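For reference, the structure discussed in these notes is given below.
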Amino acid sequence: MKNLLTIAGSDCSGGAGIQADLKTFAAHGTFGMSVIVSVVAENTSRVISIHDIPSQIVADQIDAVFEDIAVDGIKIGMLSGADQMRTVSEKLRFYRPSGVVLDPVMVAKGGRALMHPEALETLKAEMLPQAFLLTPNIPEAEAITGMEIHTVKDMEKAAVILRSMGPRYVLVKGGHLTGDAVDILYDGKDYRSFTTERIPTKNTHGTGCTLSSAIAANLANGAEVPEAVSAAKEYVTTAIRHALPIGKGHGPTNHFYNLYKSGGILQ
Ligand SMILES: Nc1ncnc2c1ncn2[C@@H]1O[C@H](COP(=O)(O)OP(=O)(O)OP(=O)(O)O)[C@@H](O)[C@H]1O
Ligand SMILES: Cc1ncc(CO)c(N)n1
């Protein structure tokens with residue numbers, strides 16, 4: 001069994017962040033571990049408050065994992081500020097894990113910032129060069145590149161700019177456009193698009209976290225990048241199709257349907 005680590009924020013309502021990542025890891029038959037960078041008091045409707053864990057405790061959590069357990073795959077999600085980014089970046093340079101999937105989380109579905117806007121330059125300088133695969137959604141890709149994205153062609157242009165900032169692969173997610181849900185993967189040479197029909201639902205809390213964790217798990221389980229993305233896209237689509245209508249806002253993705261499908265749950 002492979003060991004997967006998520007470095008991200010905690011969503012107490014269970015739909016996004018660390019909680020979505022650990023559920024996704026388990027559904028992929030991997031052993032999930034977590035380094036909590038921020039505790040977010042949030043639910044399907046709103047973010048109430050954000051408490052950043054002190055940098056030393058973030059660093060200690062990373063040491064605790066790496067000094068003891070082989071890390072086969074890693075996903076990085078919400079990093080609220082420049083301090084958190086510098087701490088994580090320093091530890092990545094020290095431990096040099098391979099296959100870092102970086103989801104540059106900036107804003108929650110309800111609109112509240114999960115990353116301080118002043119940290120954008122640190123994200124670019126410290127984090128992007130360490131990413132094997134970067135998975136921005138449209139607003140994140142716009143913020144990092146400074147360009148507007150309205151079409152799949154724009155997504156391709158943004159992917160080129162993003163890749164020039166360091167990551168080996170870029171996956172621009174099209175969840176925020178209209179029409180089919182199209183994601184674009186760029187490897188420096190070719191584009192590959194991953195397309196599914198848009199599911200008419202408001203229950204999309206945690207889709208990005210689910211997708212990036214599924215990619216990290218698939219990579220650790222031995223898939224090549226296009227196959228890892230393709231299988232993760234299928235995973236998140238199933239998780240959205242069966243998303244749970246719980247809470248008053250954007251309900252969470254459903255990991256259990258994927259488990260039923262894979263035979264991981266016997267009934
Ligand atoms: N309504 C939908 N139907 C089908 N697929 C969707 C839908 N919404 C998003 N997706 C897909 O879900 C994945 C996550 O994309 P999205 O753009 O929603 O990420 P995100 O905004 O980072 O999510 P998060 O809310 O976790 O921050 C992508 O593969 C995207 O194409
Ligand atoms: C902790 C956390 N990470 C990521 C997201 C984005 O979905 C969220 N809402 N909360």
Side-chain angles (χ1 to χ4, degrees), residues 6-24 34-53 75-80 84 101-115 133-144 149 152 155 158 171-185 192-215 218 228-243 247 249-254:
T6 169
I7 301 178
S10 165
D11 168 5
C12 57
S13 67
I18 292 276
Q19 287 75 3
D21 299 340
L22 291 176
K23 291 170 194 180
T24 305
S34 61
V35 166
I36 299 183
V37 179
S38 298
V39 174
V40 184
E42 64 176 308
N43 55 35
T44 63
S45 304
R46 68 181 184 127
V47 172
I48 299 172
S49 63
I50 299 174
H51 176 77
D52 291 335
I53 302 300
K75 171 252 159 90
I76 300 178
M78 173 188 174
L79 299 174
S80 53
Q84 285 73 22
V101 178
L102 177 64
D103 188 12
V105 172
M106 291 183 190
V107 177
K109 280 261 144 66
R112 170 93 182 250
L114 296 176
M115 186 190 97
L133 172 62
L134 180 73
T135 64
N137 63 21
I138 301 270
E140 291 156 358
E142 288 182 327
I144 299 170
I149 301 174
V152 170
M155 291 168 73
L171 181 73
V172 181
K173 301 173 292 189
H176 294 247
L177 290 186
T178 49
D180 284 347
V182 182
D183 302 345
I184 299 291
L185 177 68
R192 254 185 89 152
S193 61
F194 301 85
T195 305
T196 57
E197 61 172 6
R198 182 168 296 273
I199 299 160
T201 177
K202 68 180 170 86
N203 299 325
T204 52
H205 184 63
T207 51
C209 306
T210 300
L211 181 76
S212 55
S213 311
I215 295 172
N218 290 331
V229 171
S230 171
K233 174 86 171 157
E234 214 174 287
Y235 182 97
V236 78
T237 304
T238 301
I240 296 170
R241 184 164 287 123
H242 300 277
H250 298 288
T253 55
N254 179 357

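Atoms within each ligand, like the ligands themselves, are counted from 1 in listed order. Keep in mind the model is a prediction, meaning the values are calculated, not measured.
By the 4.0 Å N-to-carboxylate-O rule, Asp183 lies too far from Lys173 to be salt-bridged with it.
Listed by number with element, the atoms of ligand 2 under 4.0 Å from a non-hydrogen atom of Gly17 are 1 (C), 2 (C), 3 (N). With ligand atoms numbered from 1 in the order given, ligand 2 contributes 4 (C) to contacts under 4.0 Å with heavy atoms of Val105. Taking every non-hydrogen atom of Glu42 and a distance limit under 4.0 Å, the qualifying atoms of ligand 2 come out as 1 (C), 2 (C), 8 (C), 9 (N), 10 (N). Of all the atoms in ligand 2, the ones that sit under 4.0 Å from a non-hydrogen atom of Gly9 are 1 (C). The distance from ligand 1 to the heavy atoms of Lys109 drops below 4.0 Å at these ligand atoms: 23 (O), 24 (P), 25 (O). Near Gly206, the atoms of ligand 1 lying under 4.0 angstrom from a non-hydrogen atom of the residue are 26 (O). Listed by number with element, the atoms of ligand 1 under 4.0 angstrom from any heavy atom of Ile240 are 5 (N), 6 (C), 7 (C), 10 (N), 12 (O). Below 4.0 Å from some heavy atom of Ala181 lie the following atoms of ligand 1, by number and element: 4 (C), 5 (N), 6 (C), 31 (O). Residue-ligand proximity, Ala16 to ligand 2, at heavy-atom distances under 4.0 Å covers atoms 5 (C), 7 (O), 8 (C), 9 (N), 10 (N).
Taking only nitrogen or oxygen atoms, main chain and side chain alike, Lys233 reaches within less than 3.5 Å of ligand 1. Looking at ligand 1, you won't find any N or O of Gly174 less than 3.5 Å from one of its N or O atoms. Checked by distance only, ligand 1 and Gly175 come closer than 3.5 Å through their nitrogen or oxygen atoms. Ligand 1 has an N or O atom lying under 3.5 Å from an N or O atom of Lys173, backbone or side chain. Backbone and side-chain nitrogen or oxygen atoms of Thr201 are examined, and none is located within less than 3.5 angstrom of a nitrogen or oxygen of ligand 1.
Using a 4.0 Å cut-off between heavy atoms, Arg198 contacts ligand 1 through both its backbone and its side chain. Contact annotation: for Cys209 versus ligand 2, heavy atoms closer than 4.0 Å belong to the side chain alone. Contact annotation: for Asp103 versus ligand 1, there are no heavy atoms closer than 4.0 Å.
Taking every heavy atom of both residues into account, Asp11 and Ala16 meet most closely at OD2-N, 2.8 Å. In this structure, Gln84 and Ile53 approach most closely via the heavy-atom pair NE2-O, 4.1 Å. The two residues Glu140 and Thr135 come nearest to each other via the heavy atoms OE1-O, 4.2 Å.
Under a 3.5 Å cut-off, the side chain of Asn254 and the backbone N or O of His242 do form a donor-acceptor pair.
The option with the heavy atom closest to atom 26 (O) of ligand 1, from among Pro139, Pro136, Gly208, is Gly208. In the candidate list Leu114, Leu79, Asp11, Val37, Leu114 is nearest to atom 8 (C) of ligand 2, counting heavy atoms.
A side-chain N or O of Ser38 and one of Asp52 form a donor-acceptor pair less than 3.5 Å apart. Under 3.5 Å, the side chains of Thr253 and Thr210 contain a donor-acceptor pair of N or O atoms. Looking only at atom types and distance, the side chain of Ser13 has no donor-acceptor partner in the side chain of Glu42 under 3.5 Å away. Between the side chains of Lys75 and Ser212, at least one donor N or O sits under 3.5 Å from an acceptor N or O.
Other residues, nucleotides and ligands contribute more than 12 heavy atoms inside 6.0 Å of the CD atom of Glu142.
Judged by the shortest distance from any of its heavy atoms, His205 lies outside the 4.0 Å radius around the atoms of ligand 1. Ligand 1 has at least one atom lying under 4.0 Å from a heavy atom of Cys209. Ligand 1 is approached by Asp183 to a heavy-atom distance shorter than 4.0 Å.
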